[in-house]
2 protein chains.
Amino acid sequence: MSYCDTCVVRNRAICSALDPNEIEAMSASGRRRVLQPGQSLLWEGDESAIVANVIRGIMKLTSSTEDGREQIVGLVYPADFVGRPYGSTSLYSVTALDETEVCIYGRGDFEQFAQSHPAMEHKLLERTLSELDRTRRWMLLLGRKSANERIASFLLEMADRLSPHGAGLSGGCAPVDDHIAFDLPLSRQQIGDVQGLTIETVSRQFNRLKSDGIIALPSRRAVIVNDREALMDLAG
Amino acid sequence: MSYCDTCVVRNRAICSALDPNEIEAMSASGRRRVLQPGQSLLWEGDESAIVANVIRGIMKLTSSTEDGREQIVGLVYPADFVGRPYGSTSLYSVTALDETEVCIYGRGDFEQFAQSHPAMEHKLLERTLSELDRTRRWMLLLGRKSANERIASFLLEMADRLSPHGAGLSGGCAPVDDHIAFDLPLSRQQIGDVQGLTIETVSRQFNRLKSDGIIALPSRRAVIVNDREALMDLAG
DNA sequence: CGCCGACTTGAAGAATTTCAAGGTGTGTGG
DNA sequence: CCACACACCTTGAAATTCTTCAAGTCGGCG
């Protein structure tokens, strides 16, 4: 019996492709670890020695220029997979934003296990293809959208991911009185790092939306979307 | 005996994971097609009915805003795979830049075949992981680099991909007198679409590099890199 | 020779960044 | 309980970069 039996992401992470015996075999080479906000699991340019499943918390993937400008190139949520199997170096750092629990495997161990369990590798492929789609959509935002449109797009995505109504909203049946509320997992600086903007621009755009009545900002991290339609119009 | 026997990318495309019998089985459900410059294989938002291997030529993946701004989110070279298996819609258009030859499979056929040939799915996974790495690197460029740095980065990548010395240069043993020459596969407008810049900005940056003596531009599409070092400094 | 598309160049304008203060709110120690 | 420090956020004004708009120029091709 392994700790996987009670894992909250066992039905969604790539290990969901495994049967109980296989789970047990895999868990034998893994270990759990809790990361505090700011703690990193992998560093840009370093040897990619480990891979992991995220169980709880949020992590960021970041890439930086030599002179220290940083870009967040991905956000990682529970059940997501991080690390670079079949490659020797990680091209980005992986850092916890909240307290984050991960399930870690040596890259070599994982590769060996994955190659003998095609169903799990298939799950990883599907996940990677989705992530590539999401990343490319993000490129349109970075390359062609104004600060305004970026923030609107960002808030919509966060609303879908984080509001109590949750991802189910994407079905299109938003409540008529759609007061979507959530807490941002990112600081203003980090939002800037996601969107390719400075912290000042992010702040100005947030407060512009607030004074237009489209959103409310009850506290630093809290957001209430008053007018989802308007936000969608602005996002383009 | 199938046309795969003489395929120029047979050692590099994902089908290289297959043995001769398997190749034959796969080729039975595929067909070749030649696309003229500007012709598309898939359209953004449409059902993703087919997937393909690129045999010859270059293609672009593009995503657009409602009002027509376009971002190139990927470039596809021979031996690369295009299309979105295991997903119902393509999030971007796939369009030939040169005369391009592709080897097309119905998505359903491909998925079925892939799932019963883990070695090929593994190749696809490796390819997808590499593409995701490359895409994330590109995000750093779009989010944080100046026009100047973008063009320098772009020219370096093109030099590596296209110069007669070829990708082998990445080993680090550039010739002392490094006159790297190549023809761009993209127009100025398309370079802008890759970099998230306007055609005018691209043109100005190119000509700035030219008047600084770092590159030469013998014709519209031709580029000679005179000073690779300087370009690397500018790229950051 | 002249047209056309692709590229270049200039000047004005807009958006975002940069630099510089000024708030706000939370936790800690007095 | 208050005061202070600190981190984070906001706001303003100037500077910069890139875009936009508007002419040109170049080179190939009928």
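Reminder, nothing fancy here: chain letters follow the sequence lines and each chain counts from 1.
- With sequence neighbours left out, A:Tyr105 forms a ring pair (Phe, Tyr, Trp, His ring centres under 6.0 Å) with no residue at all.
- Rounded to whole Å, the distance from CD on A:Gln195 to P on C:dT17 is 11 Å.
- Take B:Ser130 and apply the side-chain hydrogen bond (donor to acceptor under 3.5 Å, both in side chains) test, not counting sequence neighbours, and it matches A:Arg84.
- The base of D:dC8 lies outside donor-acceptor range of the side chain of A:Gln190, with no N or O pair under 3.5 Å.
- For residues 94-107 of chain B, every residue pair satisfying the salt bridge (Lys or Arg N to Asp or Glu O under 4.0 Å) rule, not counting sequence neighbours, is listed here: B:Arg32-B:Glu101, B:Arg56-B:Glu99, B:Arg56-B:Glu101, B:Arg107-B:Glu111.
- Residue pairs satisfying the salt bridge (Lys or Arg N to Asp or Glu O under 4.0 Å) criterion with at least one member in residues 58-73 of chain A, sequence neighbours excluded, are listed as follows: A:Lys60-A:Glu70, A:Asp67-A:Arg69, A:Arg69-B:Glu149.
- In this structure, B:Leu217 places its CG atom 14 Å from C1' of D:dC26, rounding to the nearest Å.
- Residues A:Leu197 and A:Gln205 fail the side-chain proximity criterion, which asks for heavy atoms closer than 4.5 Å.
- When distances run from any side-chain atom of B:Thr198 to the nucleotides C:dT8, C:dC7, D:dT19, the shortest one goes to D:dT19.
- Ion pairing between B:Arg136 and A:Glu44 fails under the 4.0 Å rule for side-chain N and carboxylate O.
- Put simply, CD1 on A:Ile191 is 12 Å from C1' on D:dC8, counting in whole angstrom units.
- For D:dC18, the base has no donor-acceptor partner in the side chain of B:Gln205 [N/O atoms by modelled type, under 3.5 angstrom].
- Computed from coordinates, the A:Leu197 CG to D:dC9 P distance equals 15 Å when rounded to whole Å.
- Judged by atom type and distance alone, B:Arg220 does not reach the base of C:dC7 through any side-chain donor-acceptor pair under 3.5 Å.
- Distance from the side chain of B:Ser203 is smallest for C:dT9 among the nucleotides D:dT10, C:dT17, C:dT9.
- In this structure, B:Arg188 reaches the sugar-phosphate backbone alone: every heavy-atom distance under 4.0 Å involves primed, P, OP1 or OP2 atoms, never a base.
- For the pair A:Gln189 CD and C:dT18 P, the interatomic distance rounds to 11 Å; values are reported in whole Å.
- As a whole-Å value, the separation of A:Glu200 CD from D:dG12 P is 14 Å.
- At a threshold of 4.0 angstrom between heavy atoms, the contacts of A:Gly196 are confined to the sugar-phosphate backbone, with no base atom among them.
- Pairs passing the salt bridge (Lys or Arg N to Asp or Glu O under 4.0 Å) check and including a residue from residues 189-216 of chain A, sequence neighbours excluded, read A:Asp193-B:Arg144.
- Contact of B:Arg204 with D:dC18 (side chain to base): no donor-acceptor pair of N or O atoms is detected under 3.5 Å.
- For the pair B:Arg221 CZ and C:dC7 P, the interatomic distance rounds to 6 Å; values are reported in whole Å.
- A heavy-atom distance below 4.0 Å to DNA chain C is reached by none of the residues of residues 140-154 of chain B.
- Among the heavy atoms of the strands lying under 4.0 Å from B:Thr201 is at least one base atom, whether or not backbone atoms are also near.
- In this structure, A:Ile199 places its CD1 atom 14 Å from C1' of C:dT24, rounding to the nearest Å.
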